[in-house]
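Structure first, commentary second.
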Amino acid sequence: MSSFDAAPAAGPDAPAAPGARPSLREPGWWRTAVVYQVYPRSFADSDGDGVGDLPGITARLDHLANLGIDVLWLSPVYRSPMDDNGYDISDYRDVDPSFGTLADLDALIAACHDRGIRLVMDLVVNHTSDEHPWFVESRDPRSPKRDWYWWRPARPGHEPGTPGAEPNNWGAAFSGPAWHLDAASGEYYLHLFSPKQPDLNWENPQVRQAVYAMMRWWVERGVDGFRMDVINFISKDVTLPDGPVAPGAPHGSAFPGSANGPRLDEFLAEMHAAVGLGEQHLLTVGEMPGSTIEVARRVTDPARDELNMVFTFEHVDLDVAPGGTKWDLADLPLPVLKRNLESWQLGLADVGWNSLYWNNHDQPRAVSRFGDDSPEHRVSSAKTLATVLHLHRGTPFVYQGEELGMTNAGFAQIGQYRDIESVNRHAAALGLGTPAEEILRSLSVKSRDNARTPMQWDDSPHAGFTTGEPWLAVNPNHTSINVAAAQDDPASVLAHYRALIALRHTDPVVSEGDFELLLPDHEQLWVIRRTHGGRALLVVANCSSQPCALAGGEEPTGEDDLAGLRALVADADVLLPTHPGRQGLELAPWESRVYAFGA
Ligand code: GLC
């Protein structure tokens, strides 16, 4: 991969930054790209303070170049009190000292561009930190910035600070009510996340212009796009209606009132124009909890000039008991998962574009959740999950360590957790009388800290992540699961990711082909056919820890049954196997094969 042509930043507002090298971006370049997410706190620590940082990332860039990824998405590195590990920003135009300096970020952008990798910033603009100067000013009821946030008096007839006096019944994502009483004015402010993350009021045009100006500043600094945090929350139902209350729940749901509001498309289109997202071919992906295919079709329709793609939550909300929260665990039958991904493929086939992901910094590790992380099946299941995802149509996102088959943390005590969501959940559930073992069990499955244990570089103490004491414990399995061990091993999960990423770059069937799900109700097999330009790829994946025979014995009734599948694969070439050399009509546990048809 070659480095990009670069030109120095120009214009009166251009920052004097050595890393500012706007790269030439072709229209639609992101349709063949693979994005790699770095969670800076947990990636690589250069100065021994136990917290990952920007120079640490720059020093490890060759790992990403060797993997072949096109884009690095950087979770927030802005100045922050770190209540939510940087998703609470107190200065949008500076780097937090724990991560380094602006000069370090410029150096990272330049080093990425030198390797042909583009850099996408996390954009957290539904809320700021309560320590952001905008909010500090807004606390004064006479300030012109009062209206920049959602300030409301107590519910009529209620004394501020008494139970039930909050302006509405919404619960916050990190437990407790979504309203915080500010003693100074006797009014409440809205925070859909922690009290240190007050929601910005996007109804106010000055807020929007301030955000767009900040985005332009980053584009001029050389970034290639934005991953937009909970971006569908920027338009709310301005009447802030009470939400439905689940049985036994202490608060109402903030859905539907807090998201996908009537002005969402308008705000996104306005941002698109004001920042020049289209002319400059910047990558945009909006994180959108609670969004539907219908919303995603609108938002990603190129004719509407809003976003390139969205992150749906539907497939990561399927292993939840009906009516429950993420902590109410439920089994996930394979057909349910397959059908869900299929619905998004078909829903966005003729308009818009999909993002593809199994995990990120908020979700458990893919291999532990959707695969089998036992020593026997970890490698095969990590590879097969990757094959299935990367053979869907859309832009795949790889979360750091996924390319090694890193597993959940295995924490058994509350003292091991650091994430505000997990720690608050533990306290709140204990308060409601939930048995401690049950809480710890659901945390071990669903806590965000599962994804945040440090990146496993080698088998040394602390996995080569830091020479100090890591902020979150390293997974003990780093002695065998690490980059150094996988690097030159052709049978490694890493090698399989490299092959999949290379295939996307070279084979237009992968990036552009039509999508079809075969055998949708099969409980072990995930079978996908992609077709384009007279060629086809067929994925046959055993997504179970038992062998699976394609020789079912039933009468052939068409291609959608096993007999039809047998006929299809009889003479086909295997392009990408998880188990090289194996042939025939039985798949080993978690074995998958990509067959190629046509010239
Ligand atoms: C998004 C982020 C998550 C964060 C939340 C609030 O969901 O991915 O990490 O806690 O928004 O910013």
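Both ligands and their constituent atoms are indexed starting at 1 by order of listing.
The contact set between ligand 1 and Asp362, taken as ligand atoms under 4.0 Å from a residue heavy atom, comprises 1 (C), 2 (C), 3 (C), 7 (O), 8 (O), 9 (O). Interface of His361 with ligand 1, defined as ligand atoms under 4.0 Å from a residue heavy atom, comprises 2 (C), 3 (C), 8 (O), 9 (O). For ligand 1, the atoms sitting less than 4.0 Å from at least one non-hydrogen atom of His127 are 6 (C), 12 (O), numbered in the order shown with element in parentheses. When each atom of ligand 1 is checked for a heavy atom of Arg448 under 4.0 Å away, the hits are 3 (C), 4 (C), 9 (O), 10 (O). Listed by number with element, the atoms of ligand 1 under 4.0 angstrom from any heavy atom of Phe174 are 10 (O).
At a heavy-atom cutoff of 4.0 Å, ligand 1 is contacted by no atom of Glu421, backbone or side chain. Contacts between Arg227 and ligand 1, counted as non-hydrogen atom pairs separated by less than 4.0 Å, involve the side chain only. At a 4.0 Å heavy-atom cut-off, ligand 1 does not touch Tyr39 at all.
Ring-centre distance between Phe311 and Trp344: not below the 6.0 Å cut-off. Checked against the 6.0 Å centroid threshold, Tyr87 and Phe193 do not count as a close aromatic pair. Ring centroid separation for the pair Phe255 and Trp170 does not come in under the 6.0 Å cut-off.
Below 30°, between 30° and 60°, or above 60°: for Tyr78 and Tyr92 the angle between ring planes is above 60°, a perpendicular geometry.
Looking only at protein heavy atoms, the nearest one to atom 5 (C) of ligand 1 is Phe193 CE2, 3.7 Å. Among all non-hydrogen protein atoms, the one lying nearest atom 10 (O) of ligand 1 is Asp84 OD2, 2.5 Å. Annotation: atom 7 (O) of ligand 1 to nearest protein heavy atom, Glu287 OE2, 2.8 Å. Protein heavy atom nearest atom 2 (C) of ligand 1, with residue, atom name and distance: Asp229 OD1, 2.9 Å.
Remark: Asn201 CG to His127 NE2 distance equals 15.0 Å, nearest 0.5 Å.
Counting heavy atoms of neighbouring residues, nucleotides and ligands inside a 6.0 Å radius, atom CZ of Arg441 does not exceed 12 of them.
In this structure, Asn232 contributes its side chain and Pro289 its backbone to a donor-acceptor pair below 3.5 Å.
When Tyr497, Tyr357, Tyr36 are each tested for a side chain to side chain donor-acceptor pair (under 3.5 Å) with Glu402, only one passes: Tyr497.
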